[in-house]
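What follows is a set of notes on a single structure, which appears directly below.
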Amino acid sequence: MAAKVAFAAVAVTLLATWHLAEAAPLTAPASLWAPENYGSDEPKEAVHYQIISPASLAKSVLDEGGWSKLVCSSEGSHKNVDIAVVFLGSKLQSSDMSKDKQVDPSLSDTLKVSFTGSEFSMAFPYVAMADDDKLESSLLSGFAENCDSDFQGNHITYTDMCTVSGEDLKKHQNMDSIHDLVMSRMGRNPSGKTDLIVFCSGGFKDLDNAKSEGELLSELVSVLKKSGAKYTVLYASQPYDLLENASNLPLARYLAEKTNTTAKPGLGECDGECLVKSSLLEGVFVGLVMLIILISGLCCMMGIDTPSRFEAPQD
């Protein structure tokens with residue numbers, strides 16, 4: 001009986017550990033920045049370390065990021081920003097931000113320079129991704145829900161890689177189209193409304209030369225800077241290739257690193273995510289051993305029988 005209890009305890013512990021590992025969400029980073037602070041005169045920089053959903057990200061961007069005054073038409077007619085950009089990537093996940101070798105170095109450099117060199121910046125390192133919904137749909141529906149049906153859909157344009165559909169949708173087929181839109185809004189926007197550009201992952205369908213995500217973001221920021229427009233950018237990532245086969249994530253990372261011909265010495269060292277997982281497994285194994293020793297000791301003590309009575313000594 002005691003042995004059955006011991007095996008049951010071990011099985012429950014292993015099952016709980018397995019479910020804990022499976023329940024850990026795949027997270028990706030998001031960043032919001034603006035070269036000029038459009039909310040207050042004082043510079044603002046904030047980092048939210050909580051794990052949030054895309055819907056919570058949309059709410060935080062509207063409330064704390066001040067986008068409710070830009071994309072919600074009921075917040076007033078005067079706008080301090082000409083262009084708001086939602087740049088949706090597919091390369092970064094949260095664990096990549098602490099690595100020495102980045103998947104897309106130009107992307108990490110652009111994000112770092114833009115974030116640190118802006119008067120207003122917010123970072124969300126852990127946005128939990130779901131494999132049943134695309135990030136563009138989650139963010140736009142979050143904006144619409146929190147704007148109380150005052151989301152200015154007629155001032156939203158998309159790149160042609162976006163999957164949204166509907167009547168009278170303006171889609172950009174190249175960077176020149178975005179440049180023309182920005183220049184047309186400069187000084188000739190009597191309604192004062194901020195134009196929202198949704199730049200979906202992959203850029204444009206008709207790209208002569210395949211450009212990396214970092215190069216596209218850098219080029220877009222350069223277009224906005226040269227135009228003289230007041231702008232703000234929200235970058236968010238949803239690694240589609242990892243979501244398609246999340247159960248093979250460690251193998252996928254291993255193969256990606258091994259097939260990279262530009263690998264640097266020390267690439268196989270344990271990174272931050274590896275250290276956390278190794279510490280967790282080490283604690284689980286030590287706990288199991290201690291639990292087995294404790295239960296075995298209790299079983300041995302329960303097996304000790306003492307006589308019910310003692311014989312009187314004989315003279």
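Values below: all heavy atoms of this structure, side chains included; hydrogens, waters and symmetry mates excluded.
- In the hydrophobic clustering of ILVMFWY residues, with side-chain heavy atoms under 4.5 Å counting as a link, L111 and L220 come out together.
- Within the 3.5 Å criterion, the main-chain N or O of W33 finds a donor-acceptor partner in the side chain of T232.
- Here the side chain of T194 pairs no donor or acceptor atom with the backbone of A84 at under 3.5 angstrom.
- Looking only at distances, a side-chain donor or acceptor of S94 sits under 3.5 Å from a matching main-chain atom of T27.
- Side chain of S141 to main chain of S138: a donor-acceptor pair is present (N/O by atom type, distance under 3.5 Å, no hydrogens or angles).
- Using a distance-only test at 3.5 Å, with no hydrogens or angles considered, no donor-acceptor pair links the side chain of S60 to the main chain of L57.
- Between the E215 side chain and the S106 main chain, no donor and acceptor come within less than 3.5 Å of each other.
- Under the 3.5 Å distance criterion, the side-chain polar atoms of S218 are left unmatched by any main-chain donor or acceptor of G214.
- The aromatic rings of F199 and F204 sit perpendicular, their planes meeting at an angle over 60°, well past the 30° parallel limit.
- Between the CE atom of M183 and the NZ atom of K226 there is a distance of 12.0 Å, given to the nearest 0.5 Å.
- Remark: side-chain polar atoms of D82 are paired, donor with acceptor, to backbone N or O of K230 under 3.5 angstrom.
- Hydrophobic clustering keeps F115 apart from V113 (ILVMFWY residues linked when any side-chain heavy atoms are closer than 4.5 Å, directly or through intermediates).
- Of the possible donor and acceptor atoms, one in the side chain of K171 sits under 3.5 Å from a partner among the backbone N and O of C162.
- V286 and L288 are assigned to two separate hydrophobic clusters, defined by single-linkage of ILVMFWY side chains at heavy-atom distances under 4.5 Å.
- The CG atom of L92 sits 4.5 Å away from atom CG of L107, with the distance rounded to the nearest 0.5 Å.
- Using a distance-only test at 3.5 Å, with no hydrogens or angles considered, no donor-acceptor pair links the side chain of D180 to the main chain of S177.
- In this structure, CG on L88 lies 8.0 Å from OG1 on T159, to the nearest 0.5 angstrom.
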Would you please test V71 and L62 for side-chain contact (heavy atoms from CB on, under 4.5 Å) and show each step? CA-CA 8 Å; V71 299; L62 290 176; 3.6 Å; yes
